[in-house]
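For clarity, every value in this text was computed on a predicted model and none was experimentally measured. For ligands, and for the atoms within them, numbers begin at 1 and follow the listed sequence.
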Amino acid sequence: PVTCMFQARISQRRGYATPAEERDLVIIGGGVTCIEKRGALGGTCLNVGCIPSKSLLNNSHLYHQILHDTKNRGIDVGEVKLNLANMMKAKDTSVNSLTKGIEFLFKKNNVEYIKGTAAFADEYTVAVNLVDGGETSVRGKNIFIATGSESTPFPGLTIDEKKVITSTGAIALEKVPKKMVVIGGGIIGLEMGSVWCRLGADVTVVEFLGQIGGPGMDAEISKNIKKTLEKQGMKFKLNTKVVKGDDSAEIVKLDVEAAKGGKPETLEADVVLVAIGRRPYTAGLGFENIGLETDNKGRLIIDSEYRTKLPHIRVIGDCTFGPMLAHKAEEEAVAAVEFLTKNYGHVNYNAIPSVMYTHPEVAWVGQNEAELKEAGVKYKVGTFPFSANSRAKTNQDSDGMVKFLADAETDRILGVHIVGPNAGEMIAEGTLALEYGASTEDIGRTSHAHPTLAEAFKEAAMATYGKAIHY
Ligand code: NAD
């Protein structure tokens, strides 16, 4: 049997392994695969990350649209009121049903589930502090660590998840802040900033770099989404660094200055969202008992088969290398189990899509222009704007574009970048193309249903090797 031991609070009355009984595989960690100390399965993504934020993004978008975008569609609405408590309830209902779904899948697949906090007692033994009190321990021939990540704190600011919040507080505020300052214009900053901006907060995003979107987003796409988010009311201070925070009074004060030296300024906010990245979470795992090593960013060091220097201990997800994405961890989990059981496994790190769920969405896969330039690759570019796509026009939702980057000689697709409605769904086609080594001509010669947004994808591909028809 497989034992999944989340650092979680879980009842012991389920016929767990008796102390130190040996199992074929023990998994410690949350994320998409296992272990959780909050008493519900699904890790950060399902409980306080991807899933609750998407519920709020969807419903805040609907609210914003009903407020501002119905008249020109021939829909007259009466008084529109926000019921934040019910919006939060809808989010919780979605999260709860999904966590229960995982519990059901565990049972169906005979995965044992221990609620407690795990730590290595020795190389093969994991001691667990049970949530409901008491202790147990499990021996594993093989052990996976999938403990994920946590928000990087901002020095000088104390996270109370009310006034100074991380993404966890940002999905649970009880009232709409008047003034919100977001430190960090990466994915979390822009998604959660969008939610509260749509619900009425005055939102300013302070970003150290010259562009928003975090690492990986193509500069042209980043500029494009910034303009659209500004139209929605979000404010940006780029090339600006938060140097100091003071949260001793009700209003939080942030000292900011231009990244390259410049006039300092103090920003005030009733809520500050700290979104400056996440760091691996491996605290309390008892590494001192087994000598596992982390690098200078706290990531567990592994080989290409996800093995630590103790080969029966493997690591997947946010607590090791690569982008901190749930679907990346999922691929790694499958590959690591395959390495264990079949001696082969595969993750194509060049074909892991990224999606930012603002409106419009931003999605990309493969390399961006800056990366190709740096690598000295000769490439060609093809773009197509949604303003020339019939479906986007009829939906009255036509901000954005599709952009292909392909090898100048072979036409092989190197990167796909989309800002536009449903970009997050559309990127699946780009990911498949990249995985299969397709050329832009392969896409351009494939029939795409009319009228769909996906035609913009086809036409951008056509623009890369030839010419788009409708632009
Ligand atoms: P991020 O790394 O995407 O962005 C952090 C931003 O903060 C960077 O742009 C950085 O330049 C800026 N920054 C750092 N210090 C600063 C300072 N002192 N002043 C101003 N700006 C500063 O990190 P995030 O947005 O916190 O997200 C964390 C992780 O979670 C990322 O790996 C992200 O991909 C992942 N995530 C993904 C999704 C999604 O896939 N939709 C959603 C949420 C989070």
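- Considering backbone and side-chain atoms alike, L325 places every N or O at 3.5 Å or more from each N or O of ligand 1.
- Short contacts between ligand 1 and F154, defined as distances under 4.0 Å to a heavy atom of the residue, involve ligand atoms 18 (N).
- Checked against a 3.5 angstrom limit, the closest N/O atoms of G214 and ligand 1 fall outside it.
- When hydrogens are left out, the protein atom nearest atom 6 (C) of ligand 1 is E207 OE1, 3.5 Å; that is the closest non-hydrogen contact.
- Between E369 and Y379, the side chains place a donor N or O and an acceptor N or O closer than 3.5 Å (distance only, hydrogens not considered).
- The protein heavy-atom contact nearest to atom 15 (N) of ligand 1 is I276 CG2, 3.5 Å.
- The existence of a salt bridge linking K241 and E207 is excluded, since no basic side-chain nitrogen approaches an acidic carboxylate oxygen closer than 4.0 Å.
- The shortest contact between atom 41 (N) of ligand 1 and any protein heavy atom is with V355 O, 2.8 Å.
- Nearest protein neighbour of atom 30 (O) of ligand 1, counting heavy atoms only, is R278 CD, 3.6 Å.
- Scanning P155, G277, G186, S151 for the heavy atom closest to atom 23 (O) of ligand 1 points to G277.
- For ligand 1, the atoms sitting less than 4.0 Å from at least one non-hydrogen atom of L209 are 11 (O), numbered in the order shown with element in parentheses.
- Heavy atoms of S149 found under 4.0 angstrom from ligand 1: none, in either backbone or side chain.
- Between F457 and F404, a ring centre-to-centre spacing shorter than 6.0 Å is recorded.
- Close approach of ligand 1 to Y357 is summarised as follows: ligand atoms under 4.0 Å from at least one heavy atom of the residue are 41 (N).
- In terms of protein heavy atoms, atom 19 (N) of ligand 1 is closest to V242 N, 3.2 Å.
- Each of the atoms 20 (C), 21 (N) of ligand 1 lies under 4.0 Å from some heavy atom of V206.
- At least one heavy atom of T240 sits under 4.0 Å from some atom of ligand 1.
- Residue A275 holds the heavy atom nearest to atom 5 (C) of ligand 1 of all those in A275, P353, G185, C50.
- Between the side chains of Y349 and E332, at least one donor-acceptor pair of N or O atoms lies under 3.5 Å.
- The single protein non-hydrogen atom nearest to atom 38 (C) of ligand 1 is I187 CG2, 3.5 Å, given as residue, atom name and distance.
- The single protein non-hydrogen atom nearest to atom 35 (C) of ligand 1 is M324 O, 3.5 Å, given as residue, atom name and distance.
- Ion pair E150/R279 flagged as a salt bridge, since at least one NZ, NE, NH1 or NH2 atom sits closer than 4.0 Å to an Asp/Glu carboxylate oxygen.
- In this structure, a donor-acceptor pair under 3.5 Å is present between the side chains of E429 and H448.
- Residues S439 and D442 have side chains that bring a donor and an acceptor to within less than 3.5 angstrom of each other.
- Under the 4.0 angstrom criterion, atom 43 (C) of ligand 1 counts as having a protein heavy-atom contact.
- Contact annotation: P215 has at least one heavy atom less than 4.0 Å from an atom of ligand 1.
- Residue N47 comes nearest to G43 through the heavy atom pair ND2-O, 2.9 Å, listed as atom of the first residue, atom of the second, then distance.
- The pair D218-K403 meets the salt-bridge criterion, with a side-chain N (NZ, NE, NH1 or NH2) lying under 4.0 Å from an Asp/Glu carboxylate O.
- The closest protein non-hydrogen atom to atom 22 (C) of ligand 1 is F208 CB, 3.7 Å.
- Here the straight-line distance linking atom CD1 of I102 with atom CG of N109 works out to 12.0 Å at 0.5 Å rounding.
- With 3.5 Å as the limit, one finds a donor-acceptor pair spanning the side chains of K179 and T204.
- Looking at F236 and L229, their side chains come closer than 4.5 Å, going by heavy atoms from C-beta outward.
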